[in-house]
Amino acid sequence: MSVPLTAFAAGAVVALLVGVFGKVHDPTLAGTTAFGFRTVIDMKVVLSVVIGVLALLQLLGALWMYGKLGVTAPEWLGTAHRISGAIAVLLTVFVTYHCLWALGLESGTLANGEPVSTRTVVHGVLGCAVVGALVVKVVAVRSRRSPGWFLPVAGGVLFALLISAVMTSAVWYIGAKGWPRLG
Ligand code: HEM
C-alpha cells in the first residue's frame, strides 16, 4: 500500500511543480519545432489526435488482457501494448513540452487584456495533471511490490486525464477551425 501512496504523492508534487513552472516561465517559441506543419499548434493538434487514438487502444488492450472483453488475449498483445504505450508517452511528453514552453499555464487575462477562456484554463490544469499521472503510471508498471489494483487504477486515471486534455484542445480546435493543413 505504501508504494501507491508514495507514487500518488510524488505525482501530485510533480503536477504542482509543472503548474508553477507554467506560471513563472516566459512563454517563447525559441526551442520549439513545428515538425513540418505550418505552425506549432497544427503539429500539436495532429499529434494529440494520434495520442487520443493510442490512448483508446491502450484502454482496449488493457481490458482485453484483464479478460474483460470475453475473448482470450493473443500472446503478442502484451508486447504491442508496451510498444504503443511507450510511443504514446513519448508523444505526450513532446506535446506537453511545447504547450508548457511556448504557452505556459494560462489564467486570468492575457497581455492584450482579453480574458483567458475557461476551456484554456481547464486544459492547462488537466495538462499538468497528465504529467503527474504519467509519473504514477510509470511507478505502477515498474513496481513489483504493489497491490493488484494499482496498475489498472493508475492506467485508468492517466487515460481519463489524457482524453480530457485532448478533448479540451485538439478536438475543440478541429471542431472550431477544422483540420490543420500540412506544409
Ligand atoms: C503542462 C501541461 C499543459 C499546459 C500548461 C498546456 C497549455 C496549453 C495552452 C495555454 C494552450 C493554448 C490554448 C488556447 O490558446 O486556447 C494549449 C493548446 C494546446 N494543447 Fe496544451 N497544455 C498542456 C498539456 C497538453 C497535453 C497533455 C496535450 C495533449 C496530449 C495538449 C494539447 C494541446 C493542443 C492540441 C493545443 C492546441 C489547440 C488549442 O489551442 O487548444 N496540451 N495548451
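Indexing begins at 1, ligand by ligand and atom by atom, following the structure's order. Keep in mind that this is a model prediction, so the values were computed, not measured.
Within the protein, the number of N, O or S atoms lying under 2.8 Å from atom 21 (Fe) of ligand 1 is 2.
At a heavy-atom distance under 4.0 Å, no atom of Leu47 approaches ligand 1.
The side-chain heavy atoms of Leu105 and Cys128, taken from C-beta on, include a pair separated by under 4.5 Å. Counting heavy atoms from C-beta on, the side chains of Val141 and Phe150 never come closer than 4.5 Å. Looking only at side-chain heavy atoms (C-beta outward), Thr96 and Val131 come within less than 4.5 Å of each other. A heavy-atom distance below 4.5 Å is found between the side chains of Ser48 and Val95. By the 4.5 Å heavy-atom criterion applied to side chains, Phe37 and Val45 are not counted as neighbours. Within the 4.5 Å cutoff, the side chain of Lys177 has heavy atoms near those of the Trp172 side chain.
Nearest to atom 37 (C) of ligand 1 among the protein's heavy atoms is Ile41 CG2, 3.9 Å. For atom 41 (O) of ligand 1, the closest non-hydrogen atom of the protein is Arg119 NH1, 3.0 Å. Here the protein heavy atom with the shortest distance to atom 40 (O) of ligand 1 is Trp172 CZ3, 4.0 Å.
Identified under the salt bridge (charged side-chain N to carboxylate O under 4.0 Å, His left out) test for residues 39-68, with sequence neighbours left out: Arg38-Asp42.
Close approach of ligand 1 to Ile51 is summarised as follows: ligand atoms under 4.0 Å from at least one heavy atom of the residue are 30 (C). Close approach of ligand 1 to Val18 is summarised as follows: ligand atoms under 4.0 Å from at least one heavy atom of the residue are 1 (C). Interface of Cys128 with ligand 1, defined as ligand atoms under 4.0 Å from a residue heavy atom, comprises 1 (C), 2 (C).
For Thr32, the side chain to side chain donor-acceptor pair (under 3.5 Å) test picks out no residue, with sequence neighbours left out. With sequence neighbours left out, Thr168 forms a side chain to side chain donor-acceptor pair (under 3.5 Å) with His123.
The heavy atom nearest to atom 10 (C) of ligand 1, out of those in Pro27, Gly22, Gly104, is found in Gly104. Taking each of Thr120, Ile174, Leu161 in turn, the one with a heavy atom nearest to atom 15 (O) of ligand 1 proves to be Thr120.
Note: Tyr97 and Trp101 have parallel aromatic rings, judged against thresholds of 30 and 60 degrees for the angle between ring planes.
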